[in-house]
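Below is one structure; the comments refer to it alone.
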Amino acid sequence: MDTHAFASLAHVRILLMPVGVISQSKFENYASEIRTFESIRLGDIPADQKDERARFMPNPLSTGHLQLSFPTHPPPRSHLPLSLLRPSHFPLAVIGVAACTQTDSLSSIYAQFNASLLDIFPSEGIYPLAKNCFVFEESDDTNLNLSDNLPGLVVLPNMMGNKKLYIGTLLADLCSQIIGEFGVVIQALESPMGNEYLNSSSMPVIPPLSEIPSPLNGMKDSLPPLPSHHSQTDMNKSGFALSAAPNIKRTSSGPGFRSSNLNTPLARKRLSSIGVTSSHARLFKVLGDLFLLSGRPDDAMVWYSEALLLFKTSQDFAWHGAALEGAATVLIIEAWSAGHGLQHSATSMREPWTDVSEKLTQATALYYRSPTTDGEPNYSLLAYLYSSCVLRHSSLLFAVWSAKGWGPLAFTTMLQPGPTPYLPPTLSRDEGNDWAVLERLSSISGISRSSIASVLAQLHGPWLLHLGPRERVAILEAMSSLYSCLGYRRKEAYILREVLGCILDLIVCGREEDGLSRMSSVPGTAGLGFQNLNSSNLGGNYSGVGVRLSDSTDGNESILNLLKYVCKVLGINLDAVRLVDVNQDQLLHNSPAPVFYDDSEEDNYELYGWPELQVGVVREAVAVAEALPDFPAVAQFALSALKTLKPALSTGDQHHLYSTSSRALAIARRRGDAKSVEYWSGRPIISITVAPLPLVRLPIEKPISALKPRMSDITPILTGATDPFLYNPRKTAAAQGKILAVQNEILEFVVLLKNPYIFDLELESISLSTSGVSFDTKSLRVFIPANSIHEVVLSGKPLEIGTLIIRGCFVQAPGGASREFTLPLSTNEEQERRAKSRSILACEIGRFKYSGFEFLPWEKYSRGKLKQPVQSKSTIIPPRFLECKVVPEQPLLRIRRTSVTHGAVMLYDGEMSTLRITLENVSALPIDFLRLAFDDSTIAPAQQALAEGDLSVFDTYETEHGLIHRPVFSWNKDEARQILPGQKLTLSVTCVGKVGCTNGTIHFSYSHVHRHQLTLDAPPQLFHTRQLSYPVVVTVYHMLECYGMNILPFPSHPSDDTKAFDASGKDGGDLHLGDETNWCLFSIEVRNTYGLPFEVSFDRAQEGTLPLTITRTVPPGSMSRIVIPLKKFILSEEQLSQPIPTLSDRQFVVQKSKLSDSEANIQRELFWYREELFKHVRSRWRESGGIRSGNLSLRQQRMTSPMLDTIRMTKSRIDMSLVSYSNSSTEDTPITYRSGKYYPRTDEFVYLRIKVTNLSPSSWIFTVDLAMEPLEHVVHEGVLIDLTVGELKSGQSREVEIALCFLACGRFEIFAEAKAFQPLRLDRKAGVGKLVAIVQGINT
């Protein structure tokens, strides 16, 4: 493409043309060697011509330069009318570049060179003026015949050392030919006929010089004399005879920018007016152009000045403007020559670039006012001249601005801009967007960016529609490049959109000419822009699919890159969804390296730009990609827009983009395209959880120590197995973080997916991403409803033992590439990392401290990630993922049959029943470990009450006693044995009726423990069991109630009237109880609340007594009282000093009530005597007339202190009697004793004999206290308090006597109370005794 250099009017264009079979790389290599010559010194150009060809030849001592440029593309044929108006626009010479091999010959190369010239240049044109063919030898063994006379063909041997010097000499010779031909052209134009051709139209075309006829009659027609200058040509030379002007082909552009050749005849003038009425202004302008091209700017300025004087009085605006452009170029060349010290101009420049800018401004206005005639539709050429002039003016200001002012750097930029004309050395690619650098250039140079942009803005207008496609693309490209260097990105993007429109218009038009891609139902596209390429505007039967005649896609990538850049400037990230190679993606899918996805960008995404404009540009981008066609790019653009512009897209746009992407991906897959898009909709995974295993398959981890026999039979329900604490937070945390799976068994995961769009989202494949042990999983196809959260279940089998890590999921959209989304656990470290990332992004959002591309949301996100502090490898905490521990294969057990009908059992309270359950091993592994555990509805409330700690000591013990010693279910452990695969085992479970029990569960824990060990490693310390549960519905009828328990003293009777109880428990027997003071009566009431009578039996079992059973029949709704004699008993001090036990072995049980020591002692005595009582008395029931029986519990009965005093045997027994002694005898005489009473006489001394017997198992020291009623009528000897008895061993007795005398008749009662002493211990009431005396008178 033309770079539109400012000094292009002074450039001698030499077309470089490949000849023969030569590769592009070789051609570019040879062309680069030729392009190193940007200028040729005039002194190096040979000037040996003597005729008219010497007219423009330089002086051998000239110090100027001839500026060269080497394009590789000729101008279009439609520009032929500019051959005289703008000679610098055409190649003045052609250099053919050929590569010679062993099989090539010079004649064939020369013939191909000439044939190529005829194809490129029209026969009616005057260019090129010279031609040459450079043949480069590729090897030294070529067989070239150098004797052939082939003019213009030069061979450059491979062995030549300094080719550059030789090429420079050849170029100097070629330039000499070009300058010589300038004289021939001017000689033809100076003739009357040539001048007539020159003024025949606004844009004349001169025929080939060989076709201009010689004068017919030998007359010498001449033009009027020209102004006298040192470079004046000889105008007295013979002219040419006038001939009919030939038909000249013109090129015009229609509304569709389609080129068509029109044969428009030139306007003819009368022969008599030739050379008379035609002005010399155009001839002078041509002379100035040729002198400028010849490197003689001073002579060119003279002729430009003469032409401008004549143009002022004419209406030839186009030629006038061209002369002004040439004069402006001369000024720059003179300044460049002066800046380099080559020559000095006499003209003083008051302001460096003002004169040049004014001339170009005037030229622009002249081009704008240039009229066109009806017979000459030169709109495209006039628009091209106007656009070139505006670009020249903009290039002037831009060169001065970018070079930091007027100087050699600015001149060099304007003369030879180089390969990057719009990126001068003062602007680097990295600093191109820096606002400070751009404003600094403005302040230094004195030219503002806005002034350059205002001049450049004159280019854009409706006249661009008259340009040909190639010219329009070149002009728009130059505009966009200037806007880019000036820092006006949005203006650049606006122009680049039109560039894309032109390119796509050419592509579509080219396919229309092929006649293959258009369908009959599709109307033709007309005009510029994307609006006609939008697939939404096409017919319903047309999908916008183009037919590519070749498989080359070289240009597509450039168009797409340009499109992405335009969208990036407008705040659209078309690379938000990446294109990936399908084959490489499969390798990544199999790679164990994790791919982390951070959703912070998605959560904090900030819209940037004008949403309405962005939506329109996205539609155009999709239409461009469809027109190429590039279907992966279509899908990438559509899905990127859905991902980043979702808030700005309407419902219809979202549906359209999604359907377009789906269709494009399907076509790309069908065509076998290697590229596809990654998954685009953010992270679709919300959470991944392990689906709970069925209870029958759930493995339970146990320590190997659980296989050892337990020292205690206390049920683990209360003891907590190995943990004695009621609450252990470490054990709870460990249990929550451990997930167990079984080898070769299905493991299911519940995955929550989200769809934030208004259309149903289809996932072609979603599968688990795992590491660790091998995991066999299958992918699943999923449809997620619009704007919803969807739950799917993914399953697989772990194939090995170890740790299974679930990192996330592989997700693949239809036709897209698979992408891994990781989902770390929400640990404290992960939450902290996400919080930091969100805070950094939130800090970037809404802040305007960035300019240009730095403010784009995705750029700020990348910059935010760079701002995060860099952590060392030692401090980086890797993310944690969901883990499952895979245990070895486990056996499976099922219940084959049971003896329970419908799983329900109905029992009386205390009744016992046996359940038979048959188990079957349905796995391939044997079962060598089997344990049964039970649960019922009474356990949970009891455990809750125990945990709360609000129960008293007695209630706590009774609750624990009921759980441990009266379980609802029990079994015989001896029935457990090994169950081989396919075998059955029948177990018996005992069920006891317990009031309050409504249901229960029998748990069978089993495992295959003794496995064959394949390695010599230490045996594992853990094993795993499975549990099979069997629920049972229990109905318990509460039919008998016991209440009102009491312990009564045994009644005293006279020995002759005393009755005893026989062994059968019925009254009237002859079995005497002996000493009645050692007995008491146990009394309790039994009430029947059921509708059937029951027989209730109470059994007495005491040492030293015969067994006794009392049986009563309790009718329905009635109550019976049972009384049974009990022998008093006494417990040892060691037993009474023991605290009330805790059956569950719980530690740290703190009582809420604080008791004193005496109260605690009384509480312990009540407890232990109650327990001993229940050992001696037991009760049972039996259904009257039936076979059902059971035990009747007395645990609900309480013992009180009076009951304790009654049942407890004292430490000593006190026997009192009254005796008398005669005066002479030492033997005692008994006092009359009858019916438990003594009958002494008044006024007689009697002796009260007190016998104390130690009944306790230990030795004690006893004293006795006496009390008498009424004491005032009794005379006694000594004191009545603390009568010393002394130390008595166990079973030892001792008597104490005291003299008494009753002073009155009547009833007297004497009480005795023994006290027992031990070191540091005192029992105030070790024994009591009572004596009743009926005192009679002497005469009675």
Side-chain angles (χ1 to χ4, degrees), residues 909-910 1038-1090 1092-1131 1165-1184 1189-1210 1236 1328 1330:
D909 184 17
H1038 189 198
M1039 69 293 186
L1040 296 175
E1041 293 182 354
C1042 295
Y1043 63 94
M1045 184 186 75
N1046 199 0
I1047 305 296
L1048 303 175
F1050 198 87
S1052 298
H1053 298 281
S1055 59
D1056 53 349
D1057 299 332
T1058 301
K1059 296 182 179 179
F1061 295 93
D1062 59 8
S1064 63
K1066 297 183 180 180
D1067 297 337
D1070 296 330
L1071 181 59
H1072 294 279
L1073 297 177
D1075 190 357
E1076 297 175 353
T1077 59
N1078 294 334
W1079 289 80
C1080 62
L1081 295 179
F1082 172 81
S1083 172
I1084 194 169
E1085 295 179 351
V1086 180
R1087 182 171 57 186
N1088 186 356
T1089 60
Y1090 199 62
L1092 296 175
F1094 292 92
E1095 294 182 359
V1096 179
S1097 299
F1098 283 80
D1099 298 330
R1100 185 193 68 189
Q1102 282 184 293
E1103 277 189 43
T1105 63
L1106 296 177
L1108 179 63
T1109 300
I1110 304 296
T1111 302
R1112 295 286 186 270
T1113 299
V1114 184
S1118 62
M1119 179 179 62
S1120 298
R1121 184 174 184 84
I1122 310 297
V1123 178
I1124 186 172
L1126 286 178
K1127 187 176 181 180
K1128 295 182 180 181
F1129 53 88
I1130 187 173
L1131 300 180
E1165 289 186 7
L1166 291 174
F1167 173 79
W1168 289 114
Y1169 274 96
R1170 177 174 176 271
E1171 291 298 310
E1172 190 69 19
L1173 171 64
F1174 291 156
K1175 292 179 182 179
H1176 298 329
V1177 178
R1178 297 181 181 180
S1179 60
R1180 47 191 172 84
W1181 59 266
R1182 184 180 186 86
E1183 189 179 15
S1184 298
S1189 62
N1191 295 324
L1192 184 60
S1193 176
L1194 301 177
R1195 304 296 307 184
Q1196 294 80 17
Q1197 309 303 314
R1198 295 295 185 90
M1199 177 174 283
T1200 62
S1201 296
M1203 296 167 61
L1204 174 63
D1205 294 337
T1206 303
I1207 199 172
R1208 178 179 56 188
M1209 182 180 292
T1210 58
V1328 295
K1330 180 181 178 182

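Just so it is clear, the structure is predicted and the values come from calculations on it, not from any experiment.
- Side chains of N1088 and L1040 form a contact here, defined as non-hydrogen atoms less than 4.5 Å apart.
- Annotation: side chain of V1096 is not in contact with side chain of S1120 (no heavy-atom distance under 4.5 Å).
- Counting heavy atoms from C-beta on, the side chains of M1119 and Y1043 come closer than 4.5 Å.
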Legend entry - Full working for side-chain contact (heavy atoms from CB on, under 4.5 Å) between M1045 and L1194: CA-CA 9 Å; M1045 184 186 75; L1194 301 177; 5.8 Å; no
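- Looking at L1173 and M1199, their side chains come closer than 4.5 Å, going by heavy atoms from C-beta outward.
- Rounding to the nearest 0.5 Å places CZ of R1178 at 9.0 Å from CG of D1099.
- Qualifying side chain to side chain contact (heavy atoms under 4.5 Å, CB included) partners for S1184, counting only residues two or more places apart in sequence or in other chains: P1093, E1095, T1113.
- The shortest side-chain heavy-atom distance between V1086 and R1112 does not fall under the 4.5 Å cut-off.
- R1170 is linked by a salt bridge (charged side-chain N to carboxylate O under 4.0 Å, His left out) to E958, counting only residues two or more places apart in sequence or in another chain.
- Taking OH of Y1169 as the reference point, atom OG of S1201 lies at 12.5 Å (rounded to 0.5 Å).
- D909 contributes atom CG, which lies 10.0 Å from atom CD of E1041 (distance to the nearest 0.5 angstrom).
- Each salt bridge (Lys or Arg N to Asp or Glu O under 4.0 Å) pair with one or both residues in residues 1114-1123, not counting sequence neighbours, appears once here: E1085-R1121.
- In plain terms, the two heavy atoms of K1128 and R1208 that are nearest each other are CD-O, 4.1 Å.
- Taking CD from E1171 and CZ from R1195, the interatomic distance works out to 4.0 Å, rounded to the nearest 0.5 Å.
- Side-chain contact between T1109 and R1180 is present, with at least one heavy-atom pair separated by less than 4.5 Å.
- Taking each heavy atom of P1116 and Y1090 in turn, the nearest pair found is CB-O, 3.3 Å.
- In this structure, the separation between CD1 on I1084 and CD1 on I1122 is 9.0 Å, given to the nearest 0.5 Å.
- Across every non-hydrogen atom of S1193 and S1179, the tightest pair is N-OG, 4.4 Å.
- A distance of 3.5 Å separates CD1 of I1207 from CZ of F1129, quoted to the nearest 0.5 Å.
- Between R1182 and S1097, every side-chain heavy-atom pair lies at or beyond the 4.5 Å cut-off.
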Legend entry - From CA spacing to verdict: side-chain contact (heavy atoms from CB on, under 4.5 Å), V1114, R1087: CA-CA 7 Å; V1114 184; R1087 182 171 57 186; over 6 Å; no
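- Looking at K1127 and W1079, their side chains come closer than 4.5 Å, going by heavy atoms from C-beta outward.
- Although no hydrogens or angles enter the test, the distance criterion places no donor-acceptor pair under 3.5 Å between the side chain of S1189 and the main chain of W1181.
- A tilted orientation is assigned to the rings of F1082 and F1098, their planes being inclined by 30° to 60°.
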